[in-house]
Each structure stands twice: as C-alpha cells, then as structure tokens.
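Below is one structure, written out as structure tokens; comments come after it.
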Amino acid sequence: MRIAAGTVSFWIFADDYDRELKALDHLPVGARLVTFIGTECGSPWTMTRLEHLSAIALERKMAYTNDQWSMAGAQLLTTRYLPAGRFSHDPSQIVTSVQCPREWWRPISRAMARFPRNAFDYVWLIRPPAYDPKFNAGLVPIWRDGTSVLYRVDHGAPGIKISDEALRPRIRPVPTPF
C-alpha cells in the first residue's frame with residue numbers, strides 16, 4: 001500500500017512538473033526571469049513541490065531565476081544580481097493572496113507591482129492566487145496553462161502607477177487557541 005501510494009504521489013508530481021515546465025519552451029537562453037509561485041498561509045502538510053520549480057530554468061535555459069537560496073557556505077552557486085534588489089533570491093518567488101503572519105512572502109499584488117521591471121525580461125506565474133489584472137500592464141503573455149502564465153516584459157511600455165495605500169497588505173489573522 002505504501003509503495004502504491006508513493007508511486008501515485010510521484011506520478012502526480014511528475015505530471016504537474018511536465019505541465020508547468022512547458023513554459024520553458026517559450027523562454028530564450030540567458031533570460032532574466034522573475035517567478036511568482038502561489039501558496040497559502042500556514043503550513044499545509046501536503047506541499048505542491050513547485051516552490052523551486054523555476055530553478056530548472058537555470059539548468060535548461062541558463063536563465064537567471066529569483067528562487068536561489070542565499071546561505072553562506074550552503075551552495076556552490078551564489079547569485080549577485082544587484083538590479084533585482086529584493087527580488088534576487090528565495091523566498092521572493094513565493095506569493096500569497098494576503099500578507100501571511102510571520103512570513104517573508106509577499107501578496108501577489110505587491111510582488112507584481114513592485115518587482116523591478118527593468119531587471120527582468122520575463123515573468124512566470126505558477127499557479128498564482130487571484131489578483132487584479134491591472135498589474136499585468138506592460139506584460140505580454142506568451143504561454144498559458146490554466147492559471148499559470150509566462151509573460152514577456154515590454155520594456156517600452158509605461159510602468160504601472162499604484163499608490164502605497166493600494167498595496168497596503170491585508171493581514172490574515174492568526175487563529176487563537178481555544
């Protein structure tokens with residue numbers, strides 16, 4: 001039973017990976033890629049295992065991705081892409097619908113509004129939470145599957161103008177024990 005359950009689980013994960021990785025067929029070699037991967041607040045024991053899927057673009061397309069860990073002595077690879085600013089490493093790829101308590105993750109609206117568009121050529125959304133499409137201004141869709149989409153950043157388009165008040169996070173309350 002355990003072997004069967006594990007096999008089915010890995011088959012489902014492999015199917016998810018294959019579907020999402022089709023976006024890389026539309027990504028040129030050497031692209032500067034910012035990825036936003038949707039998740040929920042809390043720690044569900046069933047993970048999607050998509051949190052670092054965009055790192056495969058590094059290997060397959062020699063692309064810069066914003067999901068690399070930055071821990072001294074932990075990796076043989078270190079990213080030093082200063083134009084990416086606060087979107088240069090893990091966990092900048094994790095996005096939620098609201099600001100989660102005690103998490104560094106950004107709400108999708110804030111991430112889409114504030115990532116430095118001049119630092120990236122492409123935006124890959126992997127199963128993002130719902131957000132206002134006004135944040136797609138200046139982004140050209142080049143691949144889509146369900147809610148996942150790969151955009152090319154139109155560097156000639158005007159940037160979006162969003163007030164800080166509009167981006168103020170709605171914080172999900174922390175549940176209190178009985």
Side-chain angles (χ1 to χ4, degrees), residues 17 20-21 23-24 26-41 43 47-129 131-132 134-143 147-164 166-169 171:
Y17 276 32
E20 298 295 341
L21 288 173
L24 297 184
H26 305 275
L27 191 71
V29 172
R32 299 175 302 165
L33 176 67
V34 65
T35 306
F36 299 125
I37 303 166
T39 194
E40 296 178 11
C41 296
S43 300
M47 295 176 60
T48 66
R49 298 190 184 191
L50 296 174
E51 288 81 5
H52 289 281
L53 184 66
S54 56
I56 294 177
L58 175 69
E59 185 271 329
R60 292 190 183 174
K61 294 292 186 166
M62 300 291 290
Y64 171 81
T65 62
N66 64 312
D67 70 337
Q68 300 301 307
W69 287 291
S70 290
M71 294 168 32
Q75 292 81 23
L76 297 176
L77 174 71
T78 301
T79 60
R80 290 189 178 100
Y81 184 48
L82 297 179
R86 292 180 180 232
F87 292 85
S88 65
H89 55 80
D90 182 57
S92 68
Q93 80 280 9
I94 305 294
V95 293
T96 56
S97 59
V98 297
Q99 181 67 54
C100 300
R102 298 180 298 277
E103 290 291 355
W104 292 99
W105 308 332
R106 293 178 179 93
I108 181 75
S109 58
R110 191 174 333 136
M112 290 293 285
R114 294 213 172 136
F115 80 89
R117 290 175 183 238
N118 60 341
F120 296 101
D121 302 314
Y122 293 87
V123 179
W124 186 10
L125 302 181
I126 300 176
R127 298 180 187 175
Y131 67 97
D132 190 330
K134 70 182 175 190
F135 296 110
N136 295 339
L139 302 177
V140 179
I142 58 174
W143 172 87
T147 60
S148 297
V149 61
L150 179 66
Y151 291 106
R152 180 180 50 80
V153 177
D154 180 356
H155 293 289
I160 58 174
K161 304 286 187 224
I162 306 293
S163 70
D164 286 341
L167 293 175
R168 187 148 294 140
I171 298 176

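Since this is a predicted model, take the numbers as computed values, not measurements.
For T35, the side-chain hydrogen bond (donor to acceptor under 3.5 Å, both in side chains) test picks out no residue, with sequence neighbours left out. When the side-chain hydrogen bond (donor to acceptor under 3.5 Å, both in side chains) test is applied to T96, no partner is found at least two apart in sequence or on another chain.
Atom NE2 of residue H155 and atom CG of residue N118 lie 7.5 Å apart, to the nearest 0.5 angstrom. Taking OG of S97 as the start and CD of E40 as the end, the distance is 7.5 Å to the nearest 0.5 Å. Between the CD atom in Q93 and the CG atom in L50 there is a gap of 11.0 Å [rounded to 0.5 Å]. N66 CG to S92 OG: the interatomic distance, rounded to the nearest 0.5 Å, is 3.5 Å. The OG1 atom of T39 lies 12.0 Å from the CD1 atom of I126; values are rounded to the nearest 0.5 Å. Remark: L27 CG to M62 CE distance equals 12.5 Å, nearest 0.5 Å.
Using a distance-only test at 3.5 Å, with no hydrogens or angles considered, no donor-acceptor pair links the side chain of E51 to the main chain of I94. Not a single donor-acceptor pair under 3.5 Å links the side chain of H26 to the backbone N or O of Y151. Judged purely by atom type and a 3.5 angstrom limit, K61 has no side-chain atom pairing as donor or acceptor with the backbone of P28.
Counting heavy atoms from C-beta on, the side chains of S88 and Y64 come closer than 4.5 Å. Between Y122 and V34 the shortest side-chain heavy-atom distance does not fall below 4.5 Å. Between D90 and H52 there is a side-chain heavy-atom pair separated by less than 4.5 Å. Side-chain contact between P128 and T147 is present, with at least one heavy-atom pair separated by less than 4.5 Å. Side chains of V98 and P107 form no contact here, defined as non-hydrogen atoms less than 4.5 Å apart.
For F120 against F87, the heavy-atom pair with the smallest separation is CZ-O, 3.6 Å. In this structure, S54 and W124 approach most closely via the heavy-atom pair CA-CZ3, 3.7 Å. Taking both residues in full, the closest heavy atoms of L21 and R60 are given as CD1-NH1, 3.8 Å, listed atom of the first, atom of the second, then distance. Shown here for A157 and G138, the closest heavy-atom pair between the two residues is CB-CA, 3.7 Å. Nearest heavy-atom pair, L58 versus T65, reported as atom, atom and distance to 0.1 Å: N-CG2, 4.3 Å. Between W105 and C41, the shortest heavy-atom contact is CZ3-CA, 4.4 Å.
With L33 as reference, L150 is the one residue of L150, D67, V153 to meet the side-chain contact (heavy atoms from CB on, under 4.5 Å) rule.
Inspection of the Q99 and R106 side chains reveals no N or O donor paired with an N or O acceptor under 3.5 Å. Between the side chains of Y81 and R32, at least one donor-acceptor pair of N or O atoms lies under 3.5 Å. One side chain, Y131 or N136, offers a donor N or O that lies under 3.5 Å from an acceptor on the other.
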